K.L.:
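Sharing a structure with you now.
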Amino acid sequence: MISKKMEDAFNKQINEELYSAYLYQSLSAFATRIGLEGFANWFQIQVQEEISHSQKFYSFISERGGKIKFLQINEPPAEFGSPLELFELTLEHEQHITKCINNLMNLAVDEKDHASQIFLQWYITEQVEEENNVKTILDKLKLVGKEGHGLFMIDKDLSTRVFTPPA
Ligand code: OFO
């Protein structure tokens, strides 16, 4: 059985993951609006990833006999800046999620909740990958600057991203 503290913290994380999906959906819509279809695809895949992250928490709470509680999801911004700024914001957001996951792990350690610690290890590894993927794209964007051809190539590259459901 999961503790009430852990249950509340995991329910809050479901909300964080669903807000992430909302934010990336909004970024995808914005990218479509400015003609960057590859960027829009990348963010759309990110939406699917975030929903799958929330589902993993959902299943875990249920399996441990806890109660699922959906909290209100905040409204994401609808206007964003340059292509570079889209990924700067993404990195900032993922760094925030990494902090949330680390705090969950700290709580699981305090609560001596071994099952939660093992469960959270997946997210710790996932966040390393998430931040690294975004940093790689950011580096490329910095390299090409405002150069149109380079941006076109990156957009083409981002259009190839596909969703792989987590194990
Ligand atoms: Fe982007 O990792 Fe979940 O939120």
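Computed over heavy atoms, backbone and side chain alike; hydrogens, waters and symmetry mates excluded. We count residues from 1, following the sequence as given. A quick note: this is a predicted structure, and the numbers were derived from the prediction, not measured.
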K.L.:
Under a 4.5 Å cut-off applied to non-hydrogen side-chain atoms, are Leu104 and Phe57 in contact?
P.N.:
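Yes, at least one pair of side-chain atoms sits under 4.5 Å.
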K.L.:
Assign the ring pair Phe10 / Phe119 to parallel, tilted or perpendicular, where the plane angle (0 to 90°) is split at 30° and 60°.
P.N.:
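Because their plane-to-plane angle is over 60°, the rings of Phe10 and Phe119 count as perpendicular.
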K.L.:
What's the spacing between Gln48 CD and Thr164 OG1 if we round to 0.5 Å?
P.N.:
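Spacing of CD (Gln48) from OG1 (Thr164) equals 10.0 Å.
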K.L.:
What is the distance from atom CD1 of Ile68 to atom CD1 of Ile14, rounded to the nearest 0.5 Å?
P.N.:
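Taking CD1 in Ile68 and CD1 in Ile14, the distance rounds to 4.5 Å.
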K.L.:
Would you name the heavy atoms of Gly66 and Glu7 that are closest together and state the gap between them?
P.N.:
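Gly66 and Glu7 have their closest heavy atoms at CA-OE1, 3.4 Å.
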K.L.:
In terms of side-chain heavy atoms, does Gln46 have a donor or acceptor partner in Glu130 at a distance below 3.5 Å?
P.N.:
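On atom types as modelled, these side chains qualify, holding a pair under 3.5 Å.
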K.L.:
Taking C-beta and beyond as the side chain, do Asn41 and Thr160 meet within less than 4.5 Å on heavy atoms?
P.N.:
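Contact flag for Asn41/Thr160 side chains = no.
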K.L.:
Is there side-chain contact between Glu17 and Tyr58, with heavy atoms separated by less than 4.5 Å?
P.N.:
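They are not in side-chain contact.
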K.L.:
Go through the steps to decide whether Leu158 and Leu36 satisfy the test side chain to side chain contact (heavy atoms under 4.5 Å, CB included), and finish with yes or no.
P.N.:
CA-CA 10 Å; Leu158 297 181; Leu36 290 171; over 6 Å; no
K.L.:
Apply the hydrophobic cluster definition, ILVMFWY joined by side-chain contacts under 4.5 Å directly or through others, and give me every member besides Phe152.
P.N.:
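Traced through the cluster, Phe152 reaches Met153.
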K.L.:
How close do Leu23 and Pro76 get, heavy atom to heavy atom, and via which atoms?
P.N.:
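Closest pair (atom of Leu23, atom of Pro76, distance): CA-CB, 3.8 Å.
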K.L.:
Where is the tightest heavy-atom contact between Asn102 and Ile124, given as atom of each residue plus distance?
P.N.:
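The pair with the smallest heavy-atom distance is OD1-CG1, 4.3 Å.
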K.L.:
To the nearest 0.5 Å, tell me how far Ile137 CD1 sits from Asp157 CG.
P.N.:
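Separation between the atoms: 8.0 Å.
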K.L.:
Rounded to the nearest 0.5 Å, how far apart are CZ of Arg161 and CG of Asn133?
P.N.:
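Answer for the CZ-CG pair, Arg161 versus Asn133, is 6.5 Å.
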K.L.:
Can His53 and Glu16 be counted as having a side-chain donor-acceptor contact under 3.5 angstrom?
P.N.:
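Per modelled atom types, His53 and Glu16 side chains form no pair under 3.5 Å.
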K.L.:
Within this structure, what is the CD-OG distance for the pair Glu75 and Ser26, rounded to the nearest 0.5 Å?
P.N.:
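Reported value, rounded in 0.5 Å steps: 8.5 Å.
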K.L.:
Per the ring-ring contact (aromatic ring centres under 6.0 Å, His included) rule, which among Phe87, Phe80, Tyr24, Phe30 passes with Phe39?
P.N.:
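Only one option passes, and that is Phe87.
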K.L.:
Taking Asp110 first and then Lys5, would you say they form a salt bridge - that is, a charged N and a carboxylate O separated by under 4.0 Å?
P.N.:
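Salt bridge flag = no for Lys5 with Asp110.
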K.L.:
Do the non-hydrogen side-chain atoms of Ile101 and Gln13 ever get within less than 4.5 Å of each other?
P.N.:
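Ile101 vs Gln13: side chains touch.
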K.L.:
Heavy-atom count around Lys12 NZ within 6.0 Å, excluding the residue itself: above 12?
P.N.:
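Not more than 12 within 6.0 Å, no.
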K.L.:
Under the salt bridge (charged side-chain N to carboxylate O under 4.0 Å, His left out) rule, collect the residues that match up with Glu79, sequence neighbours excluded.
P.N.:
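Only Arg33 meet the salt bridge (charged side-chain N to carboxylate O under 4.0 Å, His left out) criterion with Glu79.
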K.L.:
In the hydrophobic clustering (ILVMFWY, side-chain contacts below 4.5 Å, transitive), which residues join Phe163, or is it alone?
P.N.:
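Under the 4.5 Å side-chain rule, Phe163 groups with Ile45.
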K.L.:
Do the side chains of Glu126 and Lys56 get close enough for a salt bridge, i.e. N-O under 4.0 angstrom?
P.N.:
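Looking at Lys56 together with Glu126, the answer is no, because their closest N to O distance does not fall below 4.0 Å.
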K.L.:
Grab the two heavy atoms, one from Leu138 and one from Glu88, that are nearest each other, plus how far apart they are.
P.N.:
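It is CD2-CG, 3.7 Å.
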K.L.:
Please tell me whether Gln127 and Thr98 have a donor and an acceptor in their side chains that are separated by less than 3.5 angstrom.
P.N.:
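A pair is found: one side chain offers a donor N or O, the other an acceptor, under 3.5 Å apart.
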K.L.:
Identify the two heavy atoms, one from Ser54 and one from Leu18, that lie closest to each other, and give their separation to 0.1 Å.
P.N.:
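In terms of heavy atoms, the two residues are closest at OG-CD2, 3.5 Å.
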K.L.:
Flag yes if more than 12 heavy atoms outside Tyr22 fall under 6.0 Å of its OH atom; otherwise flag no.
P.N.:
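For Tyr22, atom OH is not crowded (no more than 12 foreign heavy atoms under 6.0 Å).
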K.L.:
Test side chain to side chain contact (heavy atoms under 4.5 Å, CB included) on Leu86 and Trp42 and set out the steps.
P.N.:
CA-CA 11 Å; Leu86 304 189; Trp42 194 93; over 6 Å; no
K.L.:
To the nearest 0.5 Å, tell me how far Lys135 NZ sits from Lys142 NZ.
P.N.:
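Answer for the NZ-NZ pair, Lys135 versus Lys142, is 10.0 Å.
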K.L.:
Who are the side chain to side chain contact (heavy atoms under 4.5 Å, CB included) partners of Ala40, not counting sequence neighbours?
P.N.:
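Ser28, Ala31, Thr32, Glu37.
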K.L.:
For residues Gln117 and Gln121, is any side-chain donor paired with an opposing acceptor at under 3.5 Å?
P.N.:
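No - no donor-acceptor pair under 3.5 Å links their side chains.
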K.L.:
Which heavy-atom pair separates Leu71 from Asn11 by the least distance, and what is that distance?
P.N.:
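So the minimum-distance heavy-atom pair works out to CD1-O, 4.2 Å.
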K.L.:
Tell me which pairs pass salt bridge (charged side-chain N to carboxylate O under 4.0 Å, His left out) where either residue lies in residues 22-32, with sequence neighbours left out.
P.N.:
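Listed once each, the pairs would be none.
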K.L.:
Taking side-chain hydrogen bond (donor to acceptor under 3.5 Å, both in side chains) as the cut-off, I'd like each qualifying pair that reaches into residues 63-73, sequence neighbours left out, listed once.
P.N.:
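Checked against side-chain hydrogen bond (donor to acceptor under 3.5 Å, both in side chains) - neighbours excluded - the pairs reaching residues 63-73 are Arg64-Asp113, Arg64-Ser116.
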K.L.:
In the single-linkage hydrophobic clustering (I, L, V, M, F, W, Y; side-chain heavy atoms under 4.5 Å), do Met105 and Val128 co-cluster?
P.N.:
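Unlinked, Met105 and Val128 end up in two clusters.
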K.L.:
How about Asn103 and Leu107: do any of their side-chain heavy atoms sit closer than 4.5 Å?
P.N.:
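SC-SC contact between Asn103 and Leu107 ruled out.
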K.L.:
Quick one: do Lys4 and Asp8 make a salt bridge, cutoff under 4.0 Å?
P.N.:
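Yes, charged N to carboxylate O under 4.0 Å.
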